[in-house]
4 protein chains.
Amino acid sequence: MVITLQLDGEVPLYEQLRNQIVIGIATGVLEPREKLPTVRQLAEDLGVNTMTVNKAYALLKQEGYIVIDRRHGAKVSAPPESDPRQELSPKLAQELELIIAQAAIQGIDPARFQSLCAPIFAKMTYRYT
Amino acid sequence: MVITLQLDGEVPLYEQLRNQIVIGIATGVLEPREKLPTVRQLAEDLGVNTMTVNKAYALLKQEGYIVIDRRHGAKVSAPPESDPRQELSPKLAQELELIIAQAAIQGIDPARFQSLCAPIFAKMTYRYT
Amino acid sequence: MVITLQLDGEVPLYEQLRNQIVIGIATGVLEPREKLPTVRQLAEDLGVNTMTVNKAYALLKQEGYIVIDRRHGAKVSAPPESDPRQELSPKLAQELELIIAQAAIQGIDPARFQSLCAPIFAKMTYRYT
Amino acid sequence: MVITLQLDGEVPLYEQLRNQIVIGIATGVLEPREKLPTVRQLAEDLGVNTMTVNKAYALLKQEGYIVIDRRHGAKVSAPPESDPRQELSPKLAQELELIIAQAAIQGIDPARFQSLCAPIFAKMTYRYT
DNA sequence: GTGGTCTAGACCACG
DNA sequence: GTGGTCTAGACCACG
C-alpha cells in the first residue's frame, strides 16, 4: 500500500496516516486480519518519527479499525457485527453537513451530489459488496 | 442566528465560527447581502477575542462567502455565477472520500448514504431551490 | 471617464480613486487643464462619502497631478517642466523592485517583462508621444 | 539576511516582512530549500511580536513562496514548475500599470523605463540565470 | 523546539 | 463606528 504524506499540509501527520489507512481498509487494499507494518518499520519507510506512527495506530485501535496484539503486532480488525442502525456518528454527520453546505452554496443539488458520491463508493469494496 | 462554540474542542474557535457561518448561509438563516454582526459585537456575544472573529471573517472573505466593505462592515456575498462544472474542490472531494470510506466500513451502502444526505440537503435552501 | 471602485478591496477607496485619476491622466482620458468634477458631484456619482473624494483630490494636489483653484475647482495640471534626470521616486522604485522580484521568481526574464510593459506603455499617450 | 522594518511607515509590518523575504528569495540571498529563522527568533531579532512574523509566514505560505513543515519549521519553496504562459497575475499587472502611468507622466519613455528595470533584474538571480 | 491559537487590551486608518 | 494591525504574554498540539 502506498502512503504519501503531505509534510507541509495543515492536517497533522498522524491524522493523515490514520486517514490513509482507513481508506486503505475501505477500498480493500488492506484486508481484514491483514498484518500492518511495525511502528518502527512504517516510521522508517515514511521518514517520520515513530511517535507519529504510534499515535496513528493508537487512534485506529481506539476507533476499532485495527487490533494490536503484543505478540503479532497490529492487524486490520475483522468486520464488526453489522450495525442495524447504520447511522453516522455525530462527528461524521457534522462533517457531512459542512461538506453539503459548501456544495449547496456552490449550486450542487442532491442529484449531482449523488453522482459525485457514486464513483467514490465504487472504490469501496469493504463490506457491502 | 445562534452560534455555539465548543471551547474545549479540537477545532479552533475561528474555524468553528467560520463553519457555522457557512452553514448559516447554506441553510438560509443568513441571506445573501445580509449584514453580519460587527467583529466587536460578535466577539462580545460569543465571549471570545476580537482577533478570533477577525480571523474567521478574513477566512470567509478569502473564500468568497462574505464581502467586507469598509463602509458597512461584513455582509454575505451575493450568489456567485452558477458554475457549470459543479465539481467539488480537491479538498472537499478528499474529505468526502474519507467520510464515505468510514461509512462503507460501517456497512452503509450508497442508497443508505443517499437517504442520510437527503434530510441534510433539505435544510439547505441557498441556491438550488 | 469611467471610474469603478472595488468596495470590498484591500486598497482604500480614496487611494483607488487617486490611482484611477492618475491613470486617466497618463492615458489621455483626462487632458491637461481639463476640469475635474466637483468633490460633491463625484462623490454622488460614485456613491461614496465626500470625504473620500476630498482625500483623493488632496493627495493628487500634493503630488502635483492636479491644481485646485477655489474659484474654478480642480483641474489637471499642465505638463511639468521635463525632468532631465528621469529617475523614479524612491517609493516607485521600491514598488517596481517588488514587482520585478515576483516576476523573476515566476520565471519571467527581462525580455519577457519588456514585452509585458510594451502594451501598457502603448496606452499612455501623455507626454512622450 | 538583513531585514529592516519601517515602524512608522504606512505599510503594515507583516507586509514589509513578507516583501523583504520575497525580494530575498528573488535575489538569491535566500536559496530554495533554505531554512528560515523560527517565528520566535525572527520576532526577537526584529523586535516585533511573534504574531506579526506568524502572519507574514502564513501569507508567504499561502502564496507558495515558503513551505511550513511542522517538523523543521519554515523554508523557502523549491522552484515551481516553469509556467509556460509567463503572465503577470491581475494584481501585479494592475500595480505595474500604475507605476508605468506615473512614469509616463514624468516623461519616462519605454526605452528609459527598460534601462531602469535592467539593474533591478540584474540583482534577481533566482530562476532565469 | 516548532508553529498555531488565543486573550486582553490598545491604537489607527478609513469613511 | 468599522475592520486592521499590533503588543505582551500564554498555552497547546505536533513531532
Side-chain angles (χ1 to χ4, degrees), chain A residues 5 7-17 43 46-56, chain B residues 5 7-17 35-44 46-58 61 66-75, chain C residues 5 7-17 43 46-56, chain D residues 5 7-17 35-44 46-58 61 66-75:
Chain A
L5 300 179
L7 296 178
D8 63 331
E10 46 199 21
V11 182
L13 295 183
Y14 81 91
E15 201 173 327
Q16 291 185 46
L17 185 50
L46 296 175
V48 299
N49 199 308
T50 57
M51 210 181 52
T52 304
V53 178
N54 220 327
K55 209 162 178 176
Chain B
L5 299 180
L7 294 176
D8 61 339
E10 49 196 14
V11 182
L13 296 180
Y14 77 90
E15 201 173 328
Q16 292 184 46
L17 185 49
K35 195 177 176 316
L36 293 174
T38 68
V39 169
R40 285 196 214 315
Q41 185 63 51
L42 188 51
E44 189 181 341
L46 297 174
V48 299
N49 193 276
T50 57
M51 287 204 68
T52 303
V53 178
N54 198 319
K55 195 164 182 178
Y57 275 20
K61 176 190 175 187
I66 68 173
V67 294
I68 296 176
D69 181 331
R70 276 212 183 80
R71 300 177 303 171
H72 308 110
K75 64 176 203 250
Chain C
L5 299 179
L7 296 178
D8 64 332
E10 45 199 23
V11 182
L13 294 182
Y14 81 90
E15 201 172 328
Q16 291 185 47
L17 185 49
L46 296 174
V48 299
N49 200 308
T50 57
M51 210 180 52
T52 303
V53 178
N54 221 327
K55 208 162 178 175
Chain D
L5 299 180
L7 295 174
D8 61 339
E10 50 196 14
V11 183
L13 295 180
Y14 78 90
E15 202 172 328
Q16 292 184 46
L17 185 48
K35 194 179 177 316
L36 293 175
T38 66
V39 169
R40 287 196 212 315
Q41 185 63 52
L42 189 50
E44 189 182 340
L46 296 174
V48 299
N49 192 278
T50 57
M51 286 204 69
T52 304
V53 178
N54 199 321
K55 195 163 183 180
Y57 276 20
K61 175 190 175 188
I66 68 174
V67 292
I68 295 177
D69 182 330
R70 274 210 184 80
R71 300 177 303 170
H72 308 111
K75 63 174 206 257

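All heavy atoms count here, side chains included; hydrogens, waters and symmetry mates do not. Quick caveat, the model's predicted, so the values are computed rather than measured. So you know, we letter chains A, B, ... as the sequences are listed, proteins then strands, and number each from 1.
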Asker: Whole-Å distance between F:dT2 P and B:L42 CG?
Answerer: 13 Å
Asker: Restricting to side chain to side chain contact (heavy atoms under 4.5 Å, CB included), what partner residues turn up for D:K35, sequence neighbours left out?
Answerer: D:T38
Asker: Quick one: which protein N/O atoms are closer than 3.5 Å to N/O atoms of nucleotides 6-8 of chain E? Pair and distance per line, please.
Answerer:
residue : atom : partner : partner atom : Å
E:dC6   : OP1  : B:L13   : N            : 2.2
E:dT7   : OP2  : B:N49   : N            : 2.9
E:dT7   : OP2  : B:T52   : OG1          : 2.5
E:dA8   : N7   : B:N49   : ND2          : 2.2

Asker: Out of curiosity, D:E44 CD to D:T50 OG1, how far, rounded to the nearest 0.5 Å?
Answerer: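 Taking CD in D:E44 and OG1 in D:T50, the distance rounds to 11.5 Å.
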Asker: Checking side-chain contact (heavy atoms from CB on, under 4.5 Å) between B:L13 and each of B:L46, B:N49, B:V48, B:V53, which is the one that passes?
Answerer: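 Only one option passes, and that is B:V48.
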Asker: Whole angstroms only, please: what is the CG-C1' distance between D:D69 and E:dG4?
Answerer: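 Nearest whole value for this atom pair: 15 Å.
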Asker: B:K61 and C:D8: which non-hydrogen atoms are nearest, and at how many Å?
Answerer: CE-O, 3.8 Å
Asker: Per the atom types in the model, does the base of E:dG3 pair as donor or acceptor with the side chain of D:R40 at under 3.5 Å?
Answerer: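 Yes, a donor-acceptor pair under 3.5 Å.
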Asker: Can you name the side-chain hydrogen bond (donor to acceptor under 3.5 Å, both in side chains) partners of B:Q41, sequence neighbours left out?
Answerer: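 Applying side-chain hydrogen bond (donor to acceptor under 3.5 Å, both in side chains) to B:Q41 gives B:D45.
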Asker: Once you round it to whole Å, what is the distance between P of E:dC14 and CG of C:L5?
Answerer: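 Roughly 15 Å, once rounded to whole Å.
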Asker: Check the phosphate of F:dG4 against B:N54, side-chain N and O only, distance under 4.0 Å to OP1 or OP2. Yes or no?
Answerer: yes
Asker: Within this structure, what is the CG-CZ distance for the pair A:L7 and D:R71, rounded to the nearest 0.5 Å?
Answerer: 4.5 Å
Asker: Report the distance from atom CD of A:Q16 to atom C1' of F:dC14, rounded to the nearest whole Å.
Answerer: 12 Å
Asker: Under the side chain to side chain contact (heavy atoms under 4.5 Å, CB included) rule, collect the residues that match up with A:E15, sequence neighbours excluded.
Answerer: A:V11, A:P12, A:N19
Asker: Could you pick out which residue, D:Y57 or B:R70, lies toward the 5' side of DNA chain E when each is mapped onto its nearest nucleotide?
Answerer: D:Y57
Asker: Find the distance D:E10:CD to E:dC14:C1' and express it as a whole number of Å.
Answerer: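 Those two atoms, CD and C1', are 14 Å apart.
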Asker: Whole angstroms only, please: what is the CG-P distance between C:D8 and F:dG3?
Answerer: 14 Å
Asker: State the dot-bracket string of DNA chain F. Criteria: Watson-Crick or G-U wobble, both atom distances under 3.5 angstrom; notation: ( ) intrastrand, [ ] crossing earlier pairs, | interstrand, . unpaired.
Answerer: ||||||||||||||.
Asker: What residues form a side chain to side chain contact (heavy atoms under 4.5 Å, CB included) with D:A74, not counting sequence neighbours?
Answerer: D:L36, D:Y57, D:I66, D:I68
Asker: Nearest 0.5 angstrom please: A:M51 CE to A:K55 NZ, how far?
Answerer: 6.0 Å
